[in-house]
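Comments concern the structure below.
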Amino acid sequence: IARKMQSKSTIQFLRADINHNYLISTEEAAEHLIYISKKFSNYDKNQDNSLSWPEFLGHNQWPAPVHE
């Protein structure tokens with residue numbers, strides 16, 4: 001189950017990261033991650049107006065995805 005969740009999370013993150021900078025901006029979230037965009041500040045732990053991979057997941061146990 002963990003591999004399936006990791007795969008799904010990776011796909012969601014990479015699809016939302018339109019500019020391929022490995023961060024999800026508020027604009028990218030609003031367009032591709034509606035649920036997260038509604039509570040963006042809860043996810044954005046360092047308050048830099050973008051979500052890193054660990055912030056997106058809520059942990060840092062999985063390796064960061066790579067755009068192909």
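Position 1 is the first residue of the sequence, and the numbers go up from there. None of the values given here were measured: they were computed from a predicted structure.
Taking the six-membered ring where the residue is Trp, W53 and W62 present tilted rings, their angle falling between 30° and 60°.
Interatomic distance, S25 OG to N19 CG, rounded to the nearest 0.5 Å: 6.5 Å. In this structure, OG on S52 lies 11.0 Å from CG on N21, to the nearest 0.5 angstrom. Atoms CD and OG, from E27 and S37 in turn, are 11.0 Å apart once rounded to the nearest 0.5 Å. How far CD of Q12 is from CG of D17: 13.5 Å, rounded to the nearest 0.5 Å.
Here the shortest heavy-atom pairing between Q47 and S41 reads NE2-O, 3.3 Å.
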### Task
For the pair E28 and L23, evaluate side chain to side chain contact (heavy atoms under 4.5 Å, CB included) and give the outcome as yes or no after the intermediate values.
CA-CA 9 Å; E28 289 169 330; L23 297 169; 5.8 Å; no
### Task
I would like to know whether S9 and F56 meet side chain to side chain contact (heavy atoms under 4.5 Å, CB included); could you show each step before the answer?
CA-CA 9 Å; S9 297; F56 174 76; 4.1 Å; yes
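In terms of modelled atom types and a separation under 3.5 Å, the side chain of Y43 and the main chain of L57 share no donor-acceptor contact.
Between L33 and F13, every side-chain heavy-atom pair lies at or beyond the 4.5 Å cut-off. Looking at P63 and Q6, their side chains come closer than 4.5 Å, going by heavy atoms from C-beta outward. L51 is listed as a side-chain neighbour of I36, based on a closest heavy-atom distance under 4.5 Å. No side-chain heavy atom of I24 sits less than 4.5 Å from a side-chain heavy atom of S50. Between H20 and H67, the closest side-chain pair of non-hydrogen atoms falls below 4.5 Å.
Evaluated for a side chain to side chain contact (heavy atoms under 4.5 Å, CB included) with E55, the options N42, N46, N60 yield exactly one hit, N46.
Hydrophobic clustering, with ILVMFWY side chains joined whenever heavy atoms are under 4.5 angstrom apart, groups M5 together with L14.
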